[in-house]
There are 2 protein chains.
Amino acid sequence: MPETDKQKDFTRSRSEGYQVNLMARLFAHALQARIKPLGLSTGTFPVLLALWEREGQTQRELVTELGVEQATMANTLSRMERDGLITRRAHEADARVQTVWLTECAKGLEQAATEAASEVNDRAMAGLSDEERHAFAALLSKVIGNLSET
Amino acid sequence: MPETDKQKDFTRSRSEGYQVNLMARLFAHALQARIKPLGLSTGTFPVLLALWEREGQTQRELVTELGVEQATMANTLSRMERDGLITRRAHEADARVQTVWLTECAKGLEQAATEAASEVNDRAMAGLSDEERHAFAALLSKVIGNLSET
DNA sequence: TCCAATTAGATAGCTTGCTATTTAATATTG
DNA sequence: CAATATTAAATAGCAAGCTATCTAATTGGA
């Protein structure tokens, strides 16, 4: 390709960044449709997964585990408290820290919510062989690793 | 796996939806770092790509082409107008329609901006063979297709 | 022709994400 | 011990996405 045509070889439809953004929005849309009836939303969902696995984590721990910014987590937790999904208790040894606990309501949603998420993943991966699904997971990890460096 | 363990087989770290969301945020972060010095942002970028290819499109055409909601596009175009990237002109035949045009400033950014985006894609795909990169693109298309149905 | 349906776009109001800054508490070090 | 660093969390303010609703213009039928 001649040097003068160089700026033409970038097209949106073939850009991985564009496709990834579109895919993420489609995932979120599909998940939202299934968990909205449960009173959940896409932002609260990963927090709930972390807490279903281990309750009483600090905001800092959730931030590290989920890879969002501290301010994002603070806002998400505020909404979750407002909506009756979590409560916060003072840390016994460190007055800066609050620990996060699930309400009974939130505890009761685990089964239905994880089933909804599995359904979305299965639908997204429909028609892919086991090898393709594994290849996709491996490529996701690789790309995430590449973009996470420093 | 026994029936009673069923709810435990969903883990965030292995959920495609979670990984895809993380990957999309990393892509956006990497792109933002490179185009912010040009006065651009991630939301305006695909609109510019579409207009660099063909100016004078209507908002409706941009919506269809980029796969965002009409309200999202309206807001994005407002910010772009505010920031001196586009102007809008009345359509000669239909008073409901406005066509979107690039400012001289926006026209001058094409080369630098597409280079920035290529750089992000290359970094994300670093260490992948040509076959892997093609496989990734094919899987993206497949998954997008699956989630786009109806 | 006129009324209903459609279409283009704007607006309201929300979530989810970000950066940057602030406040308060704890840890560290001279 | 006092001054400084660091750490945890909150807050301000913005971008980018969404749904839902509204207005105005155009189109299509009866």
Side-chain angles (χ1 to χ4, degrees), chain A residues 17-18 20-33 35-37 39-48 57-64 66-83 85-86 88-100, chain B residues 17-18 20-33 35-37 39-48 57-64 66-83 85-86 88-100:
Chain A
Y18 172 76
V20 162
N21 173 269
L22 175 57
M23 181 169 63
R25 286 187 286 119
L26 290 169
F27 261 101
H29 190 267
L31 183 62
Q32 197 209 316
I35 63 178
K36 196 178 177 183
L40 302 180
S41 62
T42 56
T44 66
F45 190 74
V47 180
L48 288 173
Q57 297 192 61
T58 67
Q59 181 174 309
R60 171 60 41 192
E61 289 173 317
L62 291 169
V63 161
T64 306
L66 301 186
V68 297
E69 291 300 317
Q70 176 266 320
T72 301
M73 183 58 67
N75 286 328
T76 300
L77 291 174
S78 290
R79 287 195 305 277
M80 292 176 77
E81 194 166 37
R82 179 199 66 189
D83 296 343
L85 293 169
I86 58 158
R88 290 188 257 198
R89 284 187 222 149
H91 192 276
E92 64 275 4
D94 189 335
R96 291 171 300 181
V97 178
Q98 288 195 300
T99 54
V100 182
Chain B
Y18 172 76
V20 162
N21 174 269
L22 175 57
M23 180 170 63
R25 285 188 287 119
L26 290 169
F27 261 102
H29 190 266
L31 183 62
Q32 196 209 314
I35 63 177
K36 195 178 177 182
L40 302 181
S41 61
T42 56
T44 65
F45 190 74
V47 179
L48 287 173
Q57 298 192 60
T58 67
Q59 181 174 308
R60 171 59 41 191
E61 289 173 317
L62 291 168
V63 161
T64 306
L66 301 186
V68 297
E69 290 299 317
Q70 176 265 320
T72 300
M73 183 58 68
N75 287 328
T76 300
L77 291 174
S78 290
R79 286 195 306 276
M80 292 177 77
E81 193 166 37
R82 178 200 66 190
D83 296 342
L85 294 169
I86 58 157
R88 291 189 255 200
R89 284 188 222 149
H91 193 275
E92 63 275 3
D94 189 335
R96 293 170 301 180
V97 178
Q98 288 195 301
T99 55
V100 181

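Below, chain A is the first sequence line, B the second, and so on; all start at residue 1.
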Inset, instruction - Answer yes or no: is there a side-chain heavy-atom contact under 4.5 Å between R88(B) and T99(B)? - result: no
Inset, instruction - Write down the partner of dC1(D) under the Watson-Crick or G-U wobble criteria, each distance required to be under 3.5 Å. - result: dG30(C)
Legend entry - Full working for side-chain contact (heavy atoms from CB on, under 4.5 Å) between T42(B) and N21(A): CA-CA 10 Å; T42(B) 56; N21(A) 173 269; over 6 Å; no
Inset, instruction - Enter syn or anti for the glycosidic conformation of dA25(C), syn applying to angles within 90° of 0. - result: anti
Inset, instruction - Take the protein atom CZ of R79(B) and the nucleotide atom P of dT11(C), then report the distance between them rounded to whole Å. - result: 14 Å
Inset, instruction - Give T72(A) one of three labels, base, sugar-phosphate or nothing, depending on what nucleic acid heavy atoms sit under 4.0 Å from its own. - result: base
Inset, instruction - In whole angstrom, give the distance that lies between atom CG of N75(B) and atom P of dT16(C). - result: 18 Å
Legend entry - Check: R79(B) side chain, G43(B) main-chain N or O, donor-acceptor pair, under 3.5 Å: no
Inset, instruction - Please check if atom NE2 in H29(A) has more than 12 non-hydrogen atoms from other residues, nucleotides or ligands closer than 6.0 Å. - result: no
Inset, instruction - For T42(A), report the nucleic acid contact type (base, sugar-phosphate, nothing); a contact means any heavy atom under 4.0 Å. - result: sugar-phosphate
Inset, instruction - Check the distance between dA8(D)'s C1' and R89(A)'s CZ and give it to me in whole angstrom. - result: 19 Å
Legend entry - Positive for side-chain contact (heavy atoms from CB on, under 4.5 Å) with L40(A), one of L31(A), L85(A), D83(A): L85(A)
Legend entry - Length of the line joining F45(A):CZ and dT15(C):C1', which is rounded to integer Å: 17 Å
Inset, instruction - Heavy atoms under 4.0 Å is the rule here; annotate nucleotides 2-10 of chain C 5' to 3' with B where the base is hit, S where only the sugar-phosphate is, and - elsewhere. - result: -----BSBB
Inset, instruction - Evaluate the side-chain proximity of T58(B) to Q98(B): yes if any heavy-atom separation is below 4.5 Å, no if none is. - result: no
Inset, instruction - Let me know the distance between NE2 of H91(A) and P of dA9(D), rounded to the nearest Å. - result: 9 Å
Inset, instruction - Once you apply the 3.5 Å cut-off to both distances, tell me the Watson-Crick or G-U wobble partner of dA25(D), or none. - result: dT6(C)
Legend entry - Side-chain donor or acceptor of E81(B) paired with backbone N/O of S78(B) under 3.5 Å: no
Inset, instruction - For K36(B) and dC14(D), give me the distance from atom NZ to atom C1', rounded to whole Å. - result: 10 Å
Inset, instruction - Decide side-chain contact (heavy atoms from CB on, under 4.5 Å) for R60(A) and V97(A); before the verdict, give the C-alpha distance in whole Å, the side-chain angles of both, and the deciding distance to 0.1 Å. - result: CA-CA 9 Å; R60(A) 171 60 41 192; V97(A) 178; over 6 Å; no
Inset, instruction - Have a look at D83(A) and say if it touches a base, only the backbone sugar-phosphate, or nothing, with a 4.0 Å heavy-atom cut-off. - result: nothing
Legend entry - For atom NE2 of H29(B) and atom P of dC18(C), their distance in whole Å: 8 Å
Restricting both atoms to N or O, compile the protein contacts to nucleotides 2-5 of chain D shorter than 3.5 Å, with distance only.
none

Inset, instruction - Would you mind telling me which residue lines up with the more 5' stretch of DNA chain D, Q32(A) or A93(B), judged by nearest nucleotide? - result: Q32(A)
Inset, instruction - Name all residues meeting the side chain to side chain donor-acceptor pair (under 3.5 Å) criterion together with R96(B); count only those two or more places apart in sequence or in a different chain, and write none if there are none. - result: D94(B)
Inset, instruction - Using atom CD of E69(A) as one end and atom C1' of dT7(D) as the other, report the distance to the nearest whole Å. - result: 15 Å
